[in-house]
Novice: 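I have a structure I would like to understand better, so I am pasting it below and will then ask my questions one at a time.
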There are 2 protein chains.
Amino acid sequence: MLKLSKKVEYGLIAMRHIASVNNQISTVKEISERYSIPSDVLAKVMQKLTRGKLILSHQGAMGGYTLARGAHDISVMDVIGVVEGTQVGIAQCFAETPENCSIYSNCTIKHPLGKIQHNLEQVFASMKVSEIV
Amino acid sequence: MLKLSKKVEYGLIAMRHIASVNNQISTVKEISERYSIPSDVLAKVMQKLTRGKLILSHQGAMGGYTLARGAHDISVMDVIGVVEGTQVGIAQCFAETPENCSIYSNCTIKHPLGKIQHNLEQVFASMKVSEIV
DNA sequence: ATGAAATAGGACCCCATTAGTCGTATTTAA
DNA sequence: TTAAATACGACTAATGGGGTCCTATTTCAT
């Protein structure tokens, strides 16, 4: 409950890694071996980060990834949002299909949860990749 | 990802309900019908809240539950902590068995995640049952 | 030109956790 | 003594997270 997914963890580790080598090109192989991350899983995460424009991919031999912008300009929230297609939602009522919640119409805690949700987002948004040391 | 469990939602709804009827005795039947919550599930949640000393149980006919202290003195964090036996941990490294994490020794984001974890706890701790309107 | 090294991405499976159900025992007011 | 309530363990079903496998595509280097 309330746990980050491995995908997000891997994404953060990878982003930090690239930043830590001064944004020199880094490969999935290199990162997955360095941090003991299953390479197939990491590969998919990198592809999502690419589609989300947080990193740039360089295809072909000698290829790899670099950051798309400065590490101070990418937040943990950005990574979460891109890696998980959906935005953070601590309850169904903040997901795409609120009606799917079994108690939606009778629920009395939607508004306070919304406030909590907002505060959580701020926590994630305030930490930047550059601060992950 | 990062979602509260139904148990926690049910617990919050129940706590709020009891507070909203001025702490008069409330039954599982009453609450489960009012909010369309499966009564067996709610019953177990109430038992956990009782064991966690957030509410008082009154057994036997005409029994039910009341709050154990003022609604201003019970936080969302309290409810989460009691309903989920374990504390909130956004990653394995903050659970009872950190070593279970597949990348523990090579992980570079333990410290920053710890900081985020702390901030999240503050968000949950700062909202009280009395504020759930 | 060709082969090797890299990203791109779909299909599939395993398993742990969550959510819910069922059955039974116990307590207590009327 | 009965009915209404809590207490609680055992079981099942559903969901999602995490991981593996396979193939295609791109591009550098020889």
Side-chain angles (χ1 to χ4, degrees), chain A residues 1-11 13-14 18 24-33 36-52 55-66 68 80 83-86 89-92 95 97 100-103, chain B residues 1-11 13-14 18 24-33 35-52 55-66 68 80 83-86 89-92 95-97 100-103:
Chain A
M1 206 214 69
L2 275 176
K3 240 173 36 189
L4 293 170
S5 70
K6 282 288 181 188
K7 285 181 199 169
V8 168
E9 291 183 27
Y10 296 160
I13 289 174
I18 302 175
Q24 282 182 1
I25 206 165
S26 306
T27 69
V28 166
K29 186 165 188 289
E30 173 188 338
I31 299 175
S32 71
E33 285 176 356
S36 303
I37 299 173
S39 61
D40 283 351
V41 177
L42 179 61
K44 295 239 184 59
V45 171
M46 300 307 273
Q47 287 159 24
K48 285 196 175 180
L49 291 172
T50 302
R51 284 195 291 268
I55 59 180
L56 302 175
S57 90
H58 308 271
Q59 292 198 351
M62 302 303 289
Y65 298 96
T66 52
I80 292 175
V83 171
E84 308 289 321
T86 166
I90 63 171
Q92 263 108 332
T97 55
N100 274 6
C101 180
S102 51
I103 58 173
Chain B
M1 206 214 67
L2 277 176
K3 238 173 37 188
L4 293 171
S5 69
K6 282 288 180 189
K7 285 181 197 169
V8 168
E9 290 183 25
Y10 296 160
I13 290 174
I18 301 175
Q24 281 182 2
I25 206 164
S26 307
T27 69
V28 165
K29 185 164 187 292
E30 174 188 339
I31 298 175
S32 71
E33 285 176 354
Y35 303 101
S36 304
I37 300 172
S39 61
D40 283 351
V41 177
L42 180 60
K44 293 235 185 61
V45 171
M46 300 307 272
Q47 287 158 25
K48 284 195 177 184
L49 291 171
T50 302
R51 284 195 292 268
I55 59 180
L56 302 176
S57 90
H58 307 269
Q59 292 198 351
M62 302 304 288
Y65 297 95
T66 52
I80 292 175
V83 171
E84 307 290 321
T86 167
I90 64 171
Q92 263 107 332
E96 295 121 12
T97 54
N100 274 5
C101 180
S102 51
I103 57 173

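Lettering follows sequence order; numbering is per chain, from 1. Keep in mind that the numbers below use all heavy atoms, side chains included, and drop hydrogens, waters and symmetry copies. Keep in mind the model is a prediction, meaning the values are calculated, not measured.
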Novice: To the nearest 0.5 Å, how far apart are OG in S32(A) and CE in M46(A)?
Specialist: 10.0 Å

Novice: OP1, OP2 of dG19(D) versus side-chain N and O of Y10(A): anything below 4.0 Å?
Specialist: yes

Novice: Rounded to whole angstrom units, what separation is found between the CD atom of Q47(B) and the C1' atom of dT24(C)?
Specialist: 13 Å

Novice: Can you measure M62(A) atom CE to dA29(D) atom C1' for me and round it to whole angstrom units?
Specialist: 9 Å

Novice: Taking atom C1' of dA24(D) as reference, at what distance in whole Å does atom CD of Q59(A) sit?
Specialist: 11 Å

Novice: Tell me, yes or no, whether the heavy-atom count around K7(A) atom NZ, taken from other residues, nucleotides or ligands under 6.0 Å, exceeds 12.
Specialist: no

Novice: Rounded to whole angstrom units, what separation is found between the CG atom of L42(A) and the P atom of dA8(C)?
Specialist: 12 Å

Novice: Going by modelled atom types, is there a donor-acceptor pair between the base of dG9(D) and the side chain of K44(B) at under 3.5 Å?
Specialist: yes

Novice: Between dC8(D), dA8(C), dG20(C), which nucleotide gets closest to the side-chain atoms of R51(B)?
Specialist: dC8(D)

Novice: Between CD1 of I25(A) and OH of Y65(A), what distance do you get to the nearest 0.5 Å?
Specialist: 10.0 Å

Novice: Pick the closest DNA chain C nucleotide for E84(B) and for P38(B) by heavy atoms, then say which residue is nearer the 5' end.
Specialist: E84(B)

Novice: Quickly work out the K29(A) NZ to dA6(C) C1' distance and round it to whole Å.
Specialist: 11 Å

Novice: Applying a 4.0 Å non-hydrogen cut-off, can you work out what M46(A) is touching in the nucleic acid: base, sugar-phosphate, or nothing?
Specialist: nothing

Novice: Between A61(A) and D40(A), which has a closest nucleotide on DNA chain C that is more 5'?
Specialist: A61(A)

Novice: What's the CE-C1' distance between M1(B) and dG17(D), to the nearest Å?
Specialist: 12 Å

Novice: Atom OG1 in T50(A), atom CD1 in I55(A): separation rounded to 0.5 Å?
Specialist: 3.5 Å

Novice: Check the distance between dT27(C)'s C1' and I25(B)'s CD1 and give it to me in whole angstrom.
Specialist: 13 Å

Novice: Say you draw a straight line from CD1 of I90(B) to CE of M1(B); how long is it, rounded to the nearest 0.5 Å?
Specialist: 9.5 Å

Novice: Does S57(B) put a side-chain nitrogen or oxygen below 4.0 Å from OP1 or OP2 of dA7(D)?
Specialist: yes

Novice: Atom CD1 of I37(B) to atom P of dT21(C): distance rounded to whole Å?
Specialist: 13 Å

